[in-house]
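Sequence lines set the chain letters: A, B, ... in the order given, protein chains first and strands last, and positions in each chain run from 1.
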2 protein chains.
Amino acid sequence: MSRPVLDFFFEFASTYSYPAAMRIGGLADAAGVAVRWRPFLLGPIFRAQGWDDSPFNLRPAKGRYMWRDLERICGGLGLPFRRPDPFPQASLLAARLAHVGFESGWGEDFCRAVYAAEFGAGRPIGEEAVMRELLGGLGVAPEPALARARSAEIKARLRATTAEAARLGIFGAPSFVCAEGELFWGHDRMTEAIAWAAARRYDGGV
Amino acid sequence: MSRPVLDFFFEFASTYSYPAAMRIGGLADAAGVAVRWRPFLLGPIFRAQGWDDSPFNLRPAKGRYMWRDLERICGGLGLPFRRPDPFPQASLLAARLAHVGFESGWGEDFCRAVYAAEFGAGRPIGEEAVMRELLGGLGVAPEPALARARSAEIKARLRATTAEAARLGIFGAPSFVCAEGELFWGHDRMTEAIAWAAARRYDGGV
């Protein structure tokens, strides 16, 4: 029998997507839920509502709180945490590479490697050299992956995922969408989203 | 021995303050934590960052999500839920009355009654008639309470609480502040805030 499906929309620049990405695989597996990883870009969604920067930069008090909150969360989960500078990091190349990874079998490992580098080690994920190193660490030849990441097809796939996120009512990351359209926002709602998906037992064909 | 103290900053127009206000008393009691209820106004804090309305109205996708999320939360907790119209409700009079209540011994009951009327029954809490009815239901004579709510002293107390919230880095409601300044934001963080306060065992003199 097919497992119920949960769509996991995440953005590599998003801080709370880090603990979500590191945890969702194990938690969903334990609940019998299949996760569909959906890398998208928040930038176009933020710009559509008039923002040209992260809300954590536009609202300094909220930003200060977020960093402390993330530090507490990572501490509680035993995840390494180091704030990248600048924030937000440029996430376009990583998001395109992730789409390559999901058609090639190394998508999840790549996503976790990107988040660990960015928020676990504070590394600049917008740099191609860092991407090459992460790909190499996964045993993936960097050149073909980078070439594919810059193809019209992969660019279109990322744009389509972002458009679908907007259509589903997504306004932040991480977000989780159950088969019938039920939306959950934030790392705080991840276990609830998984439980919701598991209870519905929707035959998503996965 | 004194119990550790947790400051609970809430705003009557704030949706997620509703489940927090209904639950914090029992949860804090069970953890041996004393709660200091701090009614404040988010309006001045929002206006200081250029907002003239609730972020849930300024960002419609986030607003749609919030109402569904609140409905799920209330359903899970067995709390009645009815969306007030318009949103946000005018909360100034209720906030002033709450400050009267906390100097008079009926503060907590009044706050819970306001939230239950507003988000449990969808009633207009900005109307003086509704306030009179809630006060009467608590056995409080409405006229002296309303007169006191409009005194310069109570007005100043609400302004001071709002200024203190801003000074503490508060940018939304509900917010929880432990004795040493540790800040937690949102109904989602309430149990964590209580546990943090309990673990510190700060002698706050309550």
About how many Å separate CZ of A:R72 and CD of B:E192, when rounded to the nearest 0.5 Å?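 Here the interatomic distance stands at 5.5 Å.
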
What are the residues of [range], in order of number, with any heavy atom under 4.5 angstrom from a heavy atom of chain B?
| range | answer |
| --- | --- |
| residues 121-129 of chain A | none |
| residues 39-57 of chain A | A:F46, A:Q49, A:W51 |
| residues 93-114 of chain A | none |

Where do A:D69 and B:R189 land on the side-chain contact (heavy atoms from CB on, under 4.5 Å) test, with the steps shown first? CA-CA 10 Å; A:D69 189 48; B:R189 292 286 182 283; 2.9 Å; yes

Using only non-hydrogen atoms and a strict under-4.5 angstrom cutoff, which residues of residues 73-90 of chain B touch chain A?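 Counting heavy atoms that sit under 4.5 Å from chain A, the residues of residues 73-90 of chain B involved are B:I73.
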
Shortest non-hydrogen contact from B:G169 to A:A61?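 Smallest heavy-atom distance, with atoms named: O-CB, 3.9 Å.
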
Counting N and O atoms only, with roles assigned by atom type, does the side chain of B:R59 sit under 3.5 Å from a partner on the main chain of A:F171, one being a donor and the other an acceptor?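 Yes: the side chain of B:R59 pairs with the backbone of A:F171.
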
